[in-house]
Structures are given as C-alpha cells and as structure tokens.
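All values below come from the heavy atoms of this structure, side chains included, with hydrogens, waters and symmetry mates left out. Below, read A as the first sequence line, B as the second, and so on, with proteins coming before strands; counting in each chain starts at 1.
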2 protein chains.
Amino acid sequence: IIKIENLKKVYRMGQEKVYALNGINLDVVKGEICCLFGTSGSGKSTLLNLVAGLEKPTRGSILVKNIPIEKLNEKQLAKFRQKYVGFIFQSYNLMPNLTALENVTLPLMFKGYSRKAREKAAVKMLKAVGLGNRLNHKPNQMSGGQQQRVSIARAFVEKPEIIFADEPTGNLDTKTTEEVMELIAGMAEQYGQTILLVSHDTEASDYADRIVHIRDGEIERIEEKEKYK
Amino acid sequence: IIKIENLKKVYRMGQEKVYALNGINLDVVKGEICCLFGTSGSGKSTLLNLVAGLEKPTRGSILVKNIPIEKLNEKQLAKFRQKYVGFIFQSYNLMPNLTALENVTLPLMFKGYSRKAREKAAVKMLKAVGLGNRLNHKPNQMSGGQQQRVSIARAFVEKPEIIFADEPTGNLDTKTTEEVMELIAGMAEQYGQTILLVSHDTEASDYADRIVHIRDGEIERIEEKEKYK
Ligand SMILES: Nc1ncnc2c1ncn2[C@@H]1O[C@H](COP(=O)(O)OP(=O)(O)OP(=O)(O)O)[C@@H](O)[C@H]1O
Ligand SMILES: Nc1ncnc2c1ncn2[C@@H]1O[C@H](COP(=O)(O)OP(=O)(O)OP(=O)(O)O)[C@@H](O)[C@H]1O
Ligand SMILES: [Mg+2]
Ligand SMILES: [Mg+2]
C-alpha cells in the first residue's frame, strides 16, 4: 500500500546541507504495523512527513495506494490526507482553543456526519483512550500524556486506511502505553488499517510486524517479527 | 532544600472540580536526585509547577531554601527562579524564532556574563548533549528529540542549584537517554545540584536516589534506591 523508492531529503541552511534522508527504499503491506526505530535525529519524522505529503522530497518517489504523492499539489494532498490518512504528531498539534471533544470531532466535520453522529464517535474514541472524564478540557487543562491521547483519538476517530503515528506513547507510562497500543493494534486488525509507527519505546514496537532500523537517514536493517498476537 | 507540606491543587472548571494534588508531603534533600513516578494524569507536572512557583497552590506550603514559595508575588518568583532554578518543560517551551544557541544563551543574559562567555558556555552545553552541529538550527529545523535536548542544555547552562526536569527523555532513544542522564547526574554530583525529575522512563529513574510513586494526586509510597554509581 506504500511504496518508497530511493527517497532523499536534504535541508539547506545557508551553506550547510543536512541529509535528513539519504536513499530510503521501503514497501509497506496493507494491514501491516510497521515500526520505524532509530536514534534521535535519524530521520524518522522526516520520513513520515514525506510519505504523508506534508513535505516534498528532494529526490525519489512515494506511491501510496498507487498515488504518486510527490507529484500532487497542496490541494490534492489535503484531499488525499482527508480521505485516507490519520496523523499522530510528535508534538500533538491540537487546536489550543478547542476542547478534547471538539479536537476529536474536527476530522469528521467535512464528511457528511450529523453533529450527533460526530459527537457519538468522538466520545467513544476518547473513552477508549481513558479520557471520558476530560471531554470538555482544553489542551492546557490536561496533562502531557492526556494531550497525547487526544491526538491519538483524533487520528483514529474516522478509521482512516493509513495511520502515521510519530512517537504516540512518548509521554505515557507503561500501563497507559499498553492500553493505547492494544487499542491501536486492535483497531488496525479490525478495520484492516495500515500503521506506520515511529517509536523509541520497545513497549510500543513490540506490537509491530516489522521493525525498520533507521540510522543517519538510511535503513540499516529490517527486523521481521512474529505478529504480536 | 525543598519542604512540601499538605500541598493541594484543585482546578475548577465550571461545576467540575479536578483534584490534581490531594495532600502532598515531601522533603527533598540538597544534592538528591528525586524521581516522581506515576501514571498519565497523576499530578506530576502539577507538583513540579507548584514547587517552581509557576502556579499557586490551593492549600499547603512549599519551602525552597527556606523561602515560602506560595507567598511570593510574580516579580519575586521570577527573581527566585532566575537565581536558583532550571526548568525542563514537558513540552520544551523553546523560543521558536531563536536558534538552539540563542535559546541556550538566554538564561545567561541578565547575569553579567560577556557575550563571549555566554556563547562559550552555551556551545559547551550543546556539545555535551550531542548538538554541536545544530547550533544555528531553529526548533522547527530540528527533530523532537533534538528540541528536547536544547531544552535540557538551557536548563543546565548556568548550573542552577535546583533543576526541575519534566520528562526530559520522553522523546529520546535508549542510547541518547543514557548519555543525557549520565550528563545530568554527573553534573548534579559535580556541582551539588538538586534534581526533581519526572519520568515514566525506567532508564531515567534508574539514576534517582529515591522514587516517589504518585497516584491520583497523592504519594502512594517512596522507594529508596542505591545511588546509581
Ligand atoms: N488547568 C487545568 N484545569 C483542569 N484540570 C487540569 C488542569 N491542568 C491539569 N489538570 C488535570 O490535573 C491532572 C494532573 O495533571 P498533570 O499535568 O500534573 O499530570 P501528569 O502526572 O504530569 O501527567 P502526564 O504523565 O500525562 O504528563 C490531570 O488529570 C489533568 O487533566
Ligand atoms: N527544517 C529543517 N532544516 C534543517 N534540518 C532539519 C530540518 N528538519 C529536520 N532537520 C534535521 O533532519 C534530521 C532528521 O530529523 P527528524 O525529525 O526526521 O529526526 P527523528 O528521527 O524524528 O528524531 P527524534 O527521534 O529526535 O524525533 C535531524 O538531524 C534534524 O536536525
Ligand atoms: Mg521525530
Ligand atoms: Mg506531565
């Protein structure tokens, strides 16, 4: 479902060149939980952003559902993401002036759901991540880990085909991490979703089918794992 | 050096009351590395914010170096923090328009250092956290873990007596976590600093002298540990 070929991303800052990605080749199968694992600064977030069309590559090609992502314009990319993609950002990117409930209903806004149906789906998702009692809190009225969970609920609420999850459990304790990963992996299996997961947390990577080890913008090796169940 | 007595924090939201802290009693000894450990939403960040004077308690008292923190006004608190405190925030709180180097020199600005001395200290600190090649990058030109390390460098650059570290390694891989904790614990020992650390990461809590287990705004138990060296 995702086909990445010779992907490169170079950031230019004045004279300096940063080779964030230096030739990535990777195929991700539909329904797979694929974990990107690597040290701080190795290129994981950059790879996720490129595949989701949030940034343009310097070289190389990205096919998602056979759509050439690097060739789409802004409008086409927005439409593509709205239709197929859920994104959990490393820094959450919640709307600071909206409550947890409003943040999670947002992706459902332009999809023809009634207000009642939107709220029902959002409440269900927030309860599933343990935030049933925080529905009307704004981000600055919640803990770091609670904000992270709102961002997770938002990405999953409309059960998109592909989820990009950038460090979804970085601010969660072990027990909450397990609950969240159980939920994520369970939903992925039930709805046939594909998950491209970035995590330093071995608790989270335990749920992956494959672990792709990244170092200095290149794939070092790929670890095949027994599916977690 | 820190004496917390019957500390309570209640957030009121309309009709709803959230008991973030429900009677905390804790003494922290000078030079100690004290880790607060607990689930997401248990009150760790709130406790740190209260002790650093960033928020006012609902009830109870906080003595830091025998200064009654809850009684100071904004101006006195700012002065107190400038003099004695370094804070590593759960969401970093870097200045988005300043480079890594500028962010780290900021705390040294009002202290009588020459510009040359400030830069020298900041460069040394940034190299110590592995960011010697990111000095001129702004936060949005760095990875999540790199931003976290800038925030750590900034808190330590003027070797304050007390460091509040809220999840300093949440976005770091195991190897980088170890390097950073070695640095933090090593500096604390060398300069006699006291560290109040919040972490879900057992890699980080391994460096603590004591682990304070927090649950629903109360201390559940305190675990004494062999000093990490
Ligand atoms: N301004 C606020 N208004 C209402 N409730 C709040 C506010 N700030 C925090 N809370 C609540 O207080 C509780 C404790 O929050 P705190 O940020 O201290 O948790 P934490 O232990 O740091 O969690 P995490 O590990 O997720 O960072 C949470 O349940 C949170 O929802
Ligand atoms: N806009 C930019 N300009 C210059 N360099 C950048 C920019 N964005 C990212 N980088 C650099 O590209 C490299 C890869 O960044 P990326 O965010 O993908 O790392 P990461 O693997 O997600 O790290 P972390 O685990 O710390 O989140 C880093 O060294 C970073 O400094
Ligand atoms: Mg990242
Ligand atoms: Mg917190």
I'd like to check [X] versus [Y] (side-chain heavy atoms, cut-off strictly below 4.5 Å). Are they in contact?
X	Y	answer
B:His200	A:Thr176	no
B:Glu16	A:His137	yes
B:Ser143	A:Ser40	yes

**Q.** B:Met13 atom CE, over 12 foreign heavy atoms within 6.0 Å
**A.**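 Yes, enclosed.
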Q. Within a radius of less than 6.0 Å around NZ of A:Lys56, do more than 12 heavy atoms belonging to other residues, nucleotides or ligands occur?
A.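 Yes, enclosed.
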Q) In terms of heavy-atom proximity below 4.5 Å to chain A, should B:Gln147 be classed as side chain, backbone, both, or neither? A)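 Neither part; nothing is under 4.5 Å.
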Q. Which of the residues A:Gln90, A:Lys44, A:Gln148 is involved in the greatest number of heavy-atom pairs with chain B at under 4.5 angstrom?
A.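 Ranked by contacts with chain B, first place is A:Gln90.
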(Q) For the OG atom of B:Ser45 and the CD atom of A:Gln146, what is their distance to the nearest 0.5 Å? (A)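 The CD atom of A:Gln146 is 10.0 Å from OG of B:Ser45, to the nearest 0.5 Å.
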Q | Point-to-point distance, once rounded to the nearest 0.5 Å, from OG1 of B:Thr174 to CG of A:Asp201 | A |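 If we round to the nearest 0.5 Å, B:Thr174:OG1 and A:Asp201:CG are 8.5 Å apart.
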Q. Between B:Ala20, B:Ser199, B:Gly145, which residue shows the highest count of heavy-atom pairs closer than 4.5 Å to chain A?
A.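 Looking at each of B:Ala20, B:Ser199, B:Gly145 in turn, B:Gly145 comes out on top.
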Q) Quick one: of B:Asn171, B:Val18, B:Asn133, who has the most non-hydrogen atom pairs under 4.5 Å with chain A? A)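 Result: the option with the highest number of such pairs is B:Asn171.
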Q.
Ignoring hydrogens, what is the shortest heavy-atom contact between B:Asp173 and A:Thr39? Give both atom names and the distance.
A.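 Closest approach of B:Asp173 to A:Thr39: OD1-CA, 3.1 Å.
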